[in-house]
Amino acid sequence: MNITAIRGFNDILPGESEVFRLIESEAGRVFSSYGYSEIRLPVVEKTELFSRSIGETTDIVEKEMYTFPDRHGDSLTLRPEGTASAVRAYIEHKLYTLPVARLYYTGPMFRYERPQKGRYRQFYQVGAECLGDDSPRSDAEALSMLMTFFERLELKGATLQINSLGCAQCRPAYKERLKAFLAGRVDSLCENCRRRIGANPLRALDCKSHGCMEATKDAPSIIESLCQPCSVHFEAVRARLRLSGVEAKINARMVRGLDYYTRTTFEIIAEGLGSQNAVAAGGRYDRLVAELGGPETPCFGFAIGMERLALIIREGVPVRPLGVFIALGSPAEEKGAALLKDWRDKGLKLTEDFSTGQLRNRMKRADRLGARYVVILGPDELGQGVVTFKDMASAFQEKLPWDGVPARVLRGAIGAVES
RNA sequence: GUGGGCGUAGCUCAAUGGUUAGAGCGCUGGACUGUGACUCCAGAGGCUGGGGGUUCGAAACCCCUCGUCCACCCCA
């Protein structure tokens, strides 16, 4: 085999694809029950959109984007995340004329990183953005919607951590305080953190190196440094979450890797993912729309990592039981065509075996295809207007009149019927 | 970008530097001319990831390279 998929780009094969479909359809169901509508966004945007919204000095923009010139020389980029595109579309189509826009999207994102467990160069996200509302209830609503979604998927052991990064009023002051604090202990910081003290001292807070963890133990807390409005907002979000029965742990050291966040940020941590343990994350971004040329618009949004979620949600996605149809001889094949059409129209999931060997081998093929039942039409059955209907799990078989097959399958005797 | 583990049949894995690289599962066919899973028999399937080197002799040892997994960085 000479040509293989490129590194970090994976095929999602049958077996796995059902889980992805389940995640997407459940997300659509839950989100739309909160008034969210789907927006389909392009996978490629002008590079500038991402560098301006995510931040010039972030890792994503500095070294993880798939950027290339198109034939006119414009610099294009495969989207590394969805929020920037959603905001661009919001402004471009003047969706701000609505009182509030609740949007969700799903699809592939691209980042040039070394692949490892739960991290790939092409990865899928489901994201949601609520644009045009500054109420803390909006933060809480999105969070409890997300938790509801996880409940629907029977996700166990997911914990919600929240933080507030403040706003243009209070963050700069905090940054200075932290810088001053860190400056006193440069020696114990890791090389990386030393370098970023100037541009992004907050990063030192969630650095995993021992020295940094030790050095920042008594660092000033951002939560305690919030200005009055931000502090009120944060407390209101927490109160609202309690009301909805959502447990949230404060993590004052949680820092986001994208520059546009303000006030509330959060992460949902799941077990069983190795070191890439955030299955969903997001927060408030009150400045981004204005920074990209739209009107002042407060927003809240998040994204869910689909392959990470797929790694941990329960197995055994319900699928409709598969039937295999076996015709013996040309007359039966001809009659079978009409019967299959009718049965499929009535909702059965049936595949036909086109092989011609011994019935024994054809049964074997049906078994290998995962057939829950087999429908056999041979010369005998043809004469009597029946089929031989066999339940593969119990080995029980019976003769059924042609129009009796759908009822036999659909009444559930063959297992749960679900799409 | 950095570090480590692993690359042998479709899959999971064997094989002190020494004949013709094996096993289980799967696949194809038969025993059994209309009944799968169990049993038995036969068969197909490999440039041992690729390239170079050491050696009388390499799947094995050395170098390079590619792929993959895990971790770091960072993130969903």
Side-chain angles (χ1 to χ4, degrees), chain A residues 1-10 23 54 57-64 79-83 106-128 146 190-193 195-196 200 203 206-209 212 254-258 266-270 273-283 301-312 324 326-329 332 353 355 357-382 387-397:
Chain A
M1 177 73 159
N2 287 324
I3 301 177
T4 57
I6 55 184
R7 153 175 278 196
F9 288 68
N10 302 118
I23 291 170
I54 296 168
T57 62
T58 57
D59 281 19
I60 293 180
V61 171
E62 275 183 350
K63 49 185 205 193
E64 296 175 2
R79 63 177 181 190
E81 58 112 33
T83 300
T106 177
M109 307 294 165
F110 306 85
R111 289 183 202 172
Y112 192 92
E113 299 181 90
R114 280 285 275 271
Q116 67 185 75
K117 185 173 185 145
R119 183 167 73 194
Y120 311 100
R121 290 184 172 179
Q122 174 174 332
F123 60 102
Y124 293 81
Q125 288 188 336
V126 183
L146 185 53
C190 73
E191 206 177 313
N192 243 320
C193 289
R195 192 165 42 76
R196 46 195 183 200
N200 197 353
R203 293 234 69 98
D206 72 345
C207 181
K208 284 165 203 150
S209 98
C212 297
M254 186 177 63
V255 176
R256 311 276 50 240
L258 292 79
F266 77 94
E267 232 170 65
I268 292 179
I269 309 296
L273 283 177
S275 63
Q276 310 305 316
N277 61 356
V279 71
F302 62 78
I304 302 160
M306 281 218 263
E307 30 288 270
R308 290 184 188 181
L309 188 51
L311 278 170
I312 49 178
V324 169
I326 299 178
L328 304 171
D353 175 42
S355 71
Q358 303 174 42
L359 180 57
R360 151 191 182 68
N361 286 322
R362 299 181 68 180
M363 289 297 288
K364 201 170 180 175
R365 287 163 60 92
D367 193 33
R368 285 280 301 156
L369 286 173
R372 298 274 282 281
Y373 60 93
V374 172
V375 176
I376 302 167
L377 183 65
D380 300 350
E381 287 89 348
L382 198 57
V387 291
T388 293
F389 185 94
K390 178 163 189 170
D391 182 319
M392 295 296 271
S394 65
F396 176 77
Q397 72 179 44

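The shown structure was predicted, so the numbers you read here are calculated from the model rather than taken from an experiment.
Side chain A:R308 to base B:rC75: a donor-acceptor pair is found below 3.5 Å. One donor-acceptor pair, N or O on each side, does fall under 3.5 Å between the base of B:rU35 and the side chain of A:Q397. Interface remark: the A:K63 side chain does not form any donor-acceptor pair with the B:rG1 base, using a distance-only criterion of under 3.5 Å. Judged by distance alone, with hydrogens and angles left aside, A:R362 brings no side-chain donor or acceptor close enough to the base of B:rG34 to form a pair under 3.5 Å.
Annotation: of the two residues near RNA chain B, A:G305 and A:M392, the 5′-most nearest-nucleotide partner is A:M392. In terms of position on RNA chain B, the residue among A:G282 and A:Q116 whose nearest nucleotide sits closer to the 5' end is A:Q116.
Nearest nucleotide to the side chain of A:P379, out of B:rA37, B:rC75, B:rG34: B:rG34. When the nucleotides B:rC72, B:rU68, B:rU35 are ranked by their closest atom to the side chain of A:R360, B:rU35 comes out on top. Side chain of A:Q276, nearest nucleotide from B:rA31, B:rG36, B:rC72: B:rC72. Taking the side chain of A:R114 as heavy atoms from C-beta on, and the options B:rC72, B:rC32, B:rA76, the nearest nucleotide is B:rC72.
Across all strands shown, B:rG1 forms a Watson-Crick or G-U wobble pair, both distances under 3.5 Å, with B:rC72.
Electrostatic pairing of A:R256 and A:E267 counts as a salt bridge here, judged by a charged N lying under 4.0 Å from a carboxylate O.
If you check the side chains of A:T388 and A:Q397, you find no donor sitting under 3.5 Å from an acceptor.
Between A:M363 and A:I326, some side-chain heavy-atom pair lies under the 4.5 Å cut-off. Taking 4.5 Å as the limit, every side-chain heavy atom of A:K390 sits out of range of all side-chain heavy atoms of A:I376.
Separation of the P atoms belonging to B:rC40 and B:rA23 is 15 Å when rounded to the nearest angstrom.
Following rounding to the nearest Å, A:D367 (CG) and B:rG26 (P) show an atom-to-atom distance of 11 Å. A:I304 places its CD1 atom 13 Å from the P atom of B:rA76, with the value rounded to the nearest Å.
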